[in-house]
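Input: a single structure, listed below in structure tokens.
Side chains included, hydrogens not; waters and symmetry mates left out as well; all remaining heavy atoms used.
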Amino acid sequence: SSSPWQRISLSSHAGGFTLATSLATARLARCSKGGSDLLQTQSTSALSRSSSAGAPQKEKLEFLAEIQLMKDLGPHPNVIGIIGHCLKEQPFLLLVELAQHGNLRDYLRSCRPKHDAPLKLTVGDLADFSLQIASGMEFLATRNVVHRDLAARNVLVGKKHSLKISDFGLARSMEEDEYHATGMKLPIKWMAPEAIRYRTFTTKTDVWAFGVTMWETFSLGGTPYPAYRNKEELKLLESGERLQRSPGTPAELYRIMCLTWHIDPDERPTFADLVAALLRAINNGFTQGWWFWRGGTGAVQCGAVERCK
């Protein structure tokens with residue numbers, strides 16, 4: 001599917017910023033006059049996304065809520081930063097910092113070893129990716145924000161492998177401990193059993209999604225539960241089935257994933273716990289996993305694939 005984001009170039013001037021795309025240039029020039037909604041930035045490039053032309057009122061309100069949430073969050077090295085927005089005319093425009101390598105899922109797939117090229121990432125890289133995501137999610141949790149759509153496709157990869165959690169379209173700022181969702185399409189294969197059954201979302205359902213995202217990371221952009229349809233997912237999870245340990249995943253790190261998939265939300269770790277556990281694993285060293293590949297088409301065998309007990 002095509003990305004809703006467009007890469008643009010920025011040039012700073014006294015009145016604000018201009019964009020090196022003809023449509024956005026005129027719109028942003030009008031935004032820059034008489035009190036700009038664009039923040040000062042050292043960036044020369046950014047990502048832009050617009051609300052859909054002729055979008056229904058509900059979609060416009062959700063886009064505005066996403067912008068407001070990003071403004072309220074404040075900066076964190078592992079959360080995508082807002083550069084500015086234009087709300088003076090429709091469709092609305094949102095600018096965020098550029099992540100040069102795109103989303104994590106596609107980046108991981110591009111790094112898979114091929115018959116003429118070795119794997120481009122180390123197990124240490126993948127562990128660090130997991131730590132960065134956990135750190136960004138810990139920050140959101142301290143701000144009482146439930147993301148609800150954490151997945152590798154919604155994590156962006158910037159310079160020097162810096163990861164940024166993005167896409168806050170489903171995120172909600174929580175005044176209570178739970179959020180109930182109705183009447184919307186949801187990412188079933190990243191959702192905890194209670195989220196699927198009751199449409200109830202908490203920080204602990206984000207923890208479950210983190211475990212799936214960590215599994216995506218170590219499977220180099222694999223698809224969770226590819227043999228099952230969404231309507232089969234709840235029965236599968238409630239029967240105790242979990243994602244298998246991917247080839248090359250250190251056992252220590254797979255055990256961390258298993259902790260996030262406990263059927264009882266209260267038994268799952270917090271994001272602070274996950275950050276601490278990942279730091280320990282990285283600092284203490286872990287059993288190096290390995291891949292066996294056939295012609296770049298995928299892993300065909302591995303050492304001791306495990307399941308969560």
Practice task
Would you name the heavy atoms of R245 and A251 that are closest together and state the gap between them?
Solution key: NH2-N, 3.5 Å
Practice task
Identify whether the distance between the nearest side-chain nitrogen and carboxylate oxygen of R197 and E194 falls below 4.0 Å.
Solution key: no
Practice task
Using atom types as modelled and distance alone, determine if a side-chain donor or acceptor of S110 lies under 3.5 Å from a backbone N or O of Y107.
Solution key: yes
Problem - Any donor-acceptor N/O pair, T213 side chain to A209 backbone, under 3.5 Å - result: yes
Exercise for the section: Count the heavy atoms belonging to other residues, nucleotides or ligands that lie under 6.0 Å from OH of Y225, then report whether that count exceeds 12. Expected result: yes
Problem - Option passing side chain to side chain contact (heavy atoms under 4.5 Å, CB included) with I133 (candidates L278, L163, L274) - result: L163
Fill in the blank from the handout: Closest non-hydrogen contact found for A195 with T205 is CB-CG2, 4.1 Å
Practice task
Mind listing the closest non-hydrogen atom pair of I263 and P193 along with its distance?
Solution key: CD1-CG, 3.6 Å
Practice task
Begin with the C-alpha distance, continue with both residues' side-chain angles, and end with the deciding distance and a verdict on side chain to side chain contact (heavy atoms under 4.5 Å, CB included) for M191 and F201.
Solution key: CA-CA 9 Å; M191 287 166 55; F201 295 86; 3.9 Å; yes
Problem - Residue pair V212 / T260, side-chain heavy-atom distance below 4.5 Å - result: no
Exercise for the section: Rounded to the nearest 0.5 Å, what's the gap from NE2 on H161 to CG on D125? Could you check? Expected result: 6.0 Å
Handout entry: Gap between atom NE2 of H101 and atom NZ of K159 - 0.5 Å precision
Key = 9.5 Å
Practice task
Look at the rings of W208 and W261 and say which category their plane angle falls in: under 30° parallel, 30 to 60° tilted, over 60° perpendicular.
Solution key: tilted
Exercise for the section: State, with a plain yes or no, whether a side-chain heavy atom of N230 is found less than 4.5 Å away from one of I196. Expected result: no
Handout entry: Euclidean distance, L98 CG relative to L156 CG, rounded to 0.5 Å
Key = 9.0 Å
Problem - Flag side-chain contact, heavy atom, 4.5 Å: P77 against F139 - result: no
Problem - Expected output: side-chain K189 to main-chain Y228 donor-acceptor under 3.5 Å - result: yes
Problem - Residues Q68, L64; criterion side chain to side chain contact (heavy atoms under 4.5 Å, CB included); working and verdict - result: CA-CA 6 Å; Q68 189 60 51; L64 292 173; over 6 Å; no
Practice task
Taking R109 for its side chain and G221 for its backbone only, find out whether a donor-acceptor pair lies under 3.5 Å.
Solution key: yes
Practice task
Verify side chain to side chain donor-acceptor pair (under 3.5 Å) between D206 and T203, making sure each step is shown before the conclusion.
Solution key: CA-CA 5 Å; D206 274 354; T203 297; 5.5 Å; no
Exercise for the section: Locate the shortest heavy-atom distance separating G222 from R112; write the atom from each residue and the value. Expected result: N-NH2, 3.7 Å
Practice task
Please answer: with hydrophobic residues joined when any side-chain heavy atoms are less than 4.5 Å apart, are L259 and W215 in the same cluster?
Solution key: no
Practice task
Indicate, with yes or no, if L150 and L186 share a hydrophobic cluster defined by side-chain heavy-atom contacts under 4.5 Å among Ile, Leu, Val, Met, Phe, Trp and Tyr.
Solution key: yes
Handout entry: NZ/NE/NH1/NH2 to OD/OE distance under 4.0 Å, D149 and R153
Key = yes
Handout entry: side chain to side chain contact (heavy atoms under 4.5 Å, CB included) between M257 and L243, intermediate numbers included
Key = CA-CA 9 Å; M257 298 181 210; L243 290 164; over 6 Å; no
Practice task
Taking the six-membered ring for Trp and the full ring for Phe, Tyr or His, determine whether the centres of F210 and H147 are under 6.0 Å apart.
Solution key: no
Handout entry: D273: side-chain contact (heavy atoms from CB on, under 4.5 Å) partners, not counting sequence neighbours
Key = P269, T270
Exercise for the section: Would you kindly check if the NZ (Lys) or CZ (Arg) of R148 is within the cone defined by 45 degrees around the ring axis of W190 and under 6.0 Å from the six-membered ring centre? Expected result: no
Problem - CD1-CD distance between I282 and E252, expressed to the nearest 0.5 angstrom - result: 11.5 Å
Handout entry: Any donor-acceptor pair under 3.5 Å from S246 side chain to T249 backbone
Key = no
Problem - Donor-acceptor contact below 3.5 Å, side chain K120 vs main chain C111 - result: no
Exercise for the section: Heavy atoms only: give me the nearest E138-A272 pair and the separation to one decimal. Expected result: OE2-CB, 3.4 Å
Practice task
Keeping the roles fixed (side chain from S166, backbone from N154), state whether a donor-acceptor pair exists under 3.5 Å.
Solution key: yes
Problem - Point-to-point distance, once rounded to the nearest 0.5 Å, from CD1 of I80 to CE of M70 - result: 6.5 Å
Handout entry: E97 side chain vs K164 backbone, donor-acceptor pair below 3.5 Å
Key = no
Exercise for the section: Could you tell me whether the side chain of E241 and the main chain of L236 form a donor-acceptor pair under 3.5 Å? Expected result: no
Exercise for the section: Check whether any side-chain heavy atom of L104 sits under 4.5 Å from a side-chain heavy atom of T217, and report yes or no. Expected result: yes
Handout entry: Electrostatic pair R105-E216, nearest N-O below 4.0 angstrom
Key = no
Problem - Cluster overlap M137 with L279, hydrophobic side-chain contacts below 4.5 Å - result: yes
Handout entry: Test item: R242 side-chain N/O and C308 main-chain N/O as donor-acceptor pair under 3.5 Å
Key = no
Exercise for the section: Identify the two heavy atoms, one from P113 and one from L220, that lie closest to each other, and give their separation to 0.1 Å. Expected result: CD-CD1, 4.2 Å
Handout entry: Minimum side-chain heavy-atom gap S135-F271 below 4.5 Å
Key = no
Practice task
Answer whether the closest heavy-atom distance between the side chains of L131 and V275 falls below 4.5 Å.
Solution key: yes
Exercise for the section: State, yes or no, whether a side-chain contact exists between L95 and I82 at a heavy-atom distance under 4.5 Å. Expected result: no
Practice task
For residues S130 and L253, determine if any side-chain heavy atom of one lies less than 4.5 Å from a side-chain heavy atom of the other.
Solution key: no
